[in-house]
Protein chains: 2
Amino acid sequence: MNTSLPNNASSKSAGPAGTASSRVFEHLRKDLVGGRFVAGEKLAINALKERYEVGLSPLREALTKLAAYGLLVQENQRGFRVPKLSRDELEDIAQMRLEMEGMALERAIAHGDSLWEADLLAAAHRLKRADISLDKGEAWEHLHTQFHRTLVAPCGSVWLLRFIEQLHDQFDRYRRLGPKMPTIRQELDEQHHQLVELALQRDTQAARELMDDHIHKSYEVALKRYQAHV
Amino acid sequence: MNTSLPNNASSKSAGPAGTASSRVFEHLRKDLVGGRFVAGEKLAINALKERYEVGLSPLREALTKLAAYGLLVQENQRGFRVPKLSRDELEDIAQMRLEMEGMALERAIAHGDSLWEADLLAAAHRLKRADISLDKGEAWEHLHTQFHRTLVAPCGSVWLLRFIEQLHDQFDRYRRLGPKMPTIRQELDEQHHQLVELALQRDTQAARELMDDHIHKSYEVALKRYQAHV
DNA sequence: TTAGACAAGATAATCGATTTTTTAACCTAC
DNA sequence: GTAGGTTAAAAAATCGATTATCTTGTCTAA
């Protein structure tokens, strides 16, 4: 019923369903990506048990899974900790995003059908409409992720999509560092709009260049945030 | 102390150390990659408990981790199963290996120092010497993995290495399908040797082409095995 | 003064039993 | 005869308690 990682309770829109384990996984994942833990911090399992209102077993399963996913580090007999951040890693992640999302976009443009075009337009529209100041930007973040997901969806490679998702989460640990998000909304929206345009025109070359630029700008934001946060 | 996924007990050479959970994880991983489970099979947890001599908690943690890693599928409230194989997926994996290992090799050639050259020669030598008929080829398999790992090691991207590792495990599910391994040893050895040569000469272009060819040949073997197995 | 040993407390990992959910077999009503 | 419903058995998921390991502070001996 699923593809195993984002796991059960189909990715988004999950209602009350799913196992305790999968609920905690999602919740923790969001908290980690959203920067609600400080990098390097050691997790106090007992505290988490209360915070997320679960028993030990499902909690440990969630933590184990997050470690496999790369959002936690598990140390031999001393529990879990939040991975440190480093400039080197940020560059690694950004570089990888460049390569992989570029590749995916090219393939998506080659394979995407008209249903994709519709989805893409819809996702872009929703994103533009979203109020970034709403619930701490959570809603906007979700739509933003969704937009990028839609953009590369028909690339034809399950594994490529999987890696991109993972990198995106990693990247967001940097991009969402520190307080709120006084993003330069204007330029972002413009780029998203242009991306859709170029995708619809099947202008692979230009689309990829814009995507590179888009990721590069995100990288600069993330870097600034990282440097301010150190 | 580690990088979280291959997990504790540093990847290879693990002695008796590590938690029950990590031991089972490694053991199960090898069994899954080595084809000791049939694709699509549902895992009987109680049977596994006995087979691997662990309690429920560490076993479930190992299974959860393997699901996050992609070697198992977890279904909402009905346990774990071994992912099905498909020709489409095989092609996806092979294609991704092409891209990612090619990229990694280029970077490795650009960054690798003389220590790398030494490691590479050593790894190639050990591989050539290995007796493939020994313990069901396990020893050879390990050296083969190690060789490819060494080849791309200095690529400079932790994430790229991680993805490659993952793809390699996925690929091996196909390549090691069915009985034993009557590999055409000659040609493989020759290619490995040539790869080392070209890497040492820093001939990026030729090395990448050979790598492409090498992976492509592996793909053909894997495909044959897959088709025979269906 | 400091390196090493030791013990007490804290934390991680594991176990055994319980609860929840699914599966499968059977039964009934149409 | 089959769709729908009931229930017993099986399996998954979770809980509570136990065991093993690490951590910290203190003491001793060089």
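Letters go in sequence order (proteins before strands), and every chain restarts at 1. These numbers come from the heavy atoms of this one structure, side chains and all, not from hydrogens, waters or symmetry mates.
Between the side chains of A/His144 and A/His168, no donor-acceptor pair is found at a separation under 3.5 Å.
Within the nucleic acid shown, A/Lys49 has no heavy atom closer than 4.0 Å to any nucleic acid atom. A/Leu63 comes within 4.0 angstrom of nothing in the nucleic acid, heavy atoms only. Heavy atoms of B/Leu56 sit under 4.0 angstrom from at least one base atom.
Residue A/Ile215 is tested with A/Glu101, A/Glu99, A/Gln95 for a side-chain contact (heavy atoms from CB on, under 4.5 Å); the sole match is A/Glu101.
Considering only heavy atoms from C-beta on, B/Gln170 comes within 4.5 Å of A/Trp159 through its side chain.
Within the 4.0 Å cut-off from OP1 or OP2 of C/dA13, at least one side-chain nitrogen or oxygen of A/Arg60 is found. Distances shorter than 4.0 Å separate some side-chain N or O of A/Lys42 from OP1 or OP2 on C/dA12. Remark: B/Arg78 is not in phosphate contact with D/dA11, judged by side-chain N or O atoms under 4.0 Å from OP1 or OP2.
Taking atom CG of residue A/Leu43 and atom C1' of nucleotide C/dA12, one finds them 13 Å apart after rounding to whole Å. Look at CD on B/Glu61: it is 13 Å from C1' on D/dT14, rounded to the nearest Å. When rounded to the nearest whole Å, the span between CD of B/Glu75 and C1' of D/dA11 equals 14 Å. Summarising the geometry, the separation between CG on A/Leu59 and C1' on C/dT14 is reported as 15 Å, rounded to the nearest angstrom. B/Asn76 has its CG atom 11 Å from the C1' atom of D/dA12, to the nearest Å. Between B/Phe25 atom CZ and C/dT14 atom P the separation is 14 Å, expressed in whole Å.
Two residues, B/Gly79 and A/Glu53, neighbour DNA chain D, and the one matched to the more 5' nucleotide by heavy-atom proximity is B/Gly79.
Both tests hold for B/Arg97 against B/Phe171: distance to the six-membered ring centre under 6.0 Å, angle to the ring axis within 45°.
Between D/dA13, D/dC22, D/dT14, one nucleotide has an atom nearer to the side chain of A/Gln77 than all others, and that is D/dC22.
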